[in-house]
**Q** 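First, the structure itself, so that you have it in front of you.
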Amino acid sequence: MHVIRRKGWEIPEREATPEHLFLNRRSLIKGAGAIGAGLILPTGLAAAATDQYPAKRNEAYKLDRDLTPENVASRYNNFYEFGLSKNVYTNIDTLKPTPWKLKIDGLIEKPIEIDAEDLIKAMTLEERLYRHRCVEAWSMTVPWTGFSLKKLVDYAKPTSAAKFIRFETFQDTKMAPAQRGFFPWPYIEAVTMAEANNDLALMVTGAYGKPLAKVFGAPLRLHLPWKYGFKSIKSIVKISFVDKRPETFWETSGPGEYGFWANVNPQVPHPRWSQANEEVIGTGDRRPTLLFNGYAEYVADLYKGLEKEKLYI
Ligand SMILES: Nc1nc2c(c(=O)[nH]1)N[C@H]1C(S)=C(S)[C@@H](COP(=O)(O)O)O[C@H]1N2
Ligand SMILES: [Mo]
């Protein structure tokens, strides 16, 4: 079920959807079907935290296009824990984002366990308008609310041995029956410490002026707007500071197609499709894709000296 009408020349879903190489779609969808249809409701919101919304907009982050309407962005989602189609909003009722234990561990002063709600309350939130570019060659623009990942780094107090941050999503087949399927659950993502300390890296707690809806990865997700969307891990339960580069969910699932760096680059095609342009969801338009998704001035320096790495898959 799609809100977007595709034109003949657009990438067919079956080619642009990464999982197709790796699994039998049917078996997973059967699992997801058991959840039943539900409406998208901003449930699980921390009542005490809602006075943080809407947060003041940080005007430093400018857009070159319109915002994607909320009813479009919240009905076209990738969240494979809830199945492989874009209509996650129909079967995400079982996600329970409150209470939500978050662990922060690894190479830090001392391990932390905190309820996500308490962490969020302790932070000053801001709104940022960001572009989001999925590796499947579609994009949208969302007013996210959150705090810099850098603030979380300060809060965690890593030792100088920490070189990467590893993020992990929940694993719970009661909340997400589709996790019985084929993939190497839980969903894992990671960044270097330099990337984590870049201004753009955002811990997201809300969208569209409200605490995060479940489909967006409540109660806490990451957004890295210069990278393909799969780096922006949802519904995080554990954040670990480590000295070795972690293996990520998509690298493990499809190493020939998805890498650690995943920076947006229109000139480096995916093995099965071009990345030169993107469908702007909800508009019927395609636009040329921008290097680093248009954020090169913020992030290009991060990759000096790493030219031998596969920076763009
Ligand atoms: N835990 C988890 N995080 C995830 C995903 C997922 O399947 N599971 N999908 C990723 C992909 S491919 C994209 S494009 C974005 C989609 O975010 P959105 O639904 O807010 O647009 O979430 C990313 N984070
Ligand atoms: Mo994506």
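Atoms within a ligand are numbered from 1 in the order they appear, just like the ligands themselves.
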**Q** Tell me yes or no: between the side chains of R221 and S235, is some donor less than 3.5 Å from an acceptor?
**A** no
**Q** Do the side chain of E309 and the main chain of L306 share a donor and acceptor less than 3.5 angstrom apart?
**A** no
**Q** Would you mind listing which atoms of ligand 1 come within a distance below 4.0 Å of any non-hydrogen atom of W144?
**A** 20 (O)
**Q** With a 3.5 Å distance limit and no angle check, can you tell me whether Y187 reaches the backbone of F230 through a side-chain donor-acceptor pair?
**A** yes
**Q** So does E279 pair up with R133, basic N to acidic O under 4.0 Å?
**A** no
**Q** Among protein heavy atoms, which lies nearest atom 14 (S) of ligand 1, and at what distance?
**A** H132 NE2, 3.4 Å
**Q** Tell me whether K231 reaches ligand 1 (any heavy atom closer than 4.0 angstrom to a ligand atom).
**A** no
**Q** Going by the order shown, which atoms of ligand 1 are within less than 4.0 Å of some heavy atom of T169?
**A** 1 (N)
**Q** Please list, in number order, the atoms of ligand 1 under 4.0 Å from a heavy atom of Y80.
**A** 6 (C), 7 (O)
**Q** Provide, to 0.1 Å, the distance between atom 3 (N) of ligand 1 and the closest protein heavy atom, together with that atom's residue and name.
**A** K234 N, 3.1 Å
**Q** Tell me the protein heavy atom at minimum distance from atom 21 (O) of ligand 1, and give that distance in Å.
**A** M140 CE, 2.7 Å
**Q** Is a donor from one side chain sitting under 3.5 angstrom from an acceptor on the other, for N197 and K150?
**A** no
**Q** Quick one: is the NZ or CZ of R245 closer than 6.0 Å to the six-membered ring centre of F164, and within 45° of its axis?
**A** no
**Q** Pick whichever of F170, F183, Y89, Y187 has a heavy atom sitting closest to atom 5 (C) of ligand 1.
**A** Y187
**Q** Under the side chain to side chain contact (heavy atoms under 4.5 Å, CB included) rule, collect the residues that match up with A122, sequence neighbours excluded.
**A** none
**Q** Return a table of donor-acceptor pairs under 3.5 angstrom between the side chains of residues 170-177 and protein atoms on other chains or two or more places apart.
**A**
from : atom 1 : to   : atom 2 : distance (Å)
D172 : OD1    : K174 : N      : 2.8
D172 : OD1    : M175 : N      : 3.3

**Q** Does the ring centre of Y61 sit less than 6.0 Å away from the ring centre of Y298?
**A** yes
**Q** At under 4.0 Å between heavy atoms, is it the side chain or the backbone of E136 that contacts ligand 1, or both, or neither?
**A** neither
**Q** Could you find the nearest protein heavy atom to atom 24 (N) of ligand 1 and give me its residue, atom name and distance?
**A** S232 O, 2.9 Å
**Q** Under a 4.0 angstrom heavy-atom cut-off, which atoms of ligand 1 come close to C134?
**A** 14 (S)
**Q** Could you check atom 12 (S) of ligand 1 against the protein and tell me its nearest heavy-atom contact, residue, atom and distance included?
**A** N78 ND2, 3.5 Å
**Q** Could you list which atoms of ligand 1 come closer than 4.0 Å to a heavy atom of I233?
**A** 3 (N), 24 (N)
**Q** Within ligand 1, which atoms have a heavy atom of E81 less than 4.0 Å away?
**A** 1 (N), 2 (C), 6 (C), 7 (O), 8 (N)
**Q** Side chain or backbone of R221 under 4.0 Å from ligand 1, or both, or neither, by non-hydrogen atoms?
**A** side chain
**Q** At under 4.0 Å between heavy atoms, is it the side chain or the backbone of F230 that contacts ligand 1, or both, or neither?
**A** both
**Q** Distance-only, no hydrogens or angles: does the K308 side chain make a donor-acceptor pair with backbone N or O of G305 under 3.5 Å?
**A** no
**Q** If you measure from each heavy atom of S235 to ligand 1, is any distance below 4.0 Å?
**A** no
**Q** Pick from H132, R131, E278: which one makes a side-chain hydrogen bond (donor to acceptor under 3.5 Å, both in side chains) with S139?
**A** E278
**Q** For N77, which part has a heavy atom under 4.0 Å from ligand 1: side chain, backbone, both, or neither?
**A** both
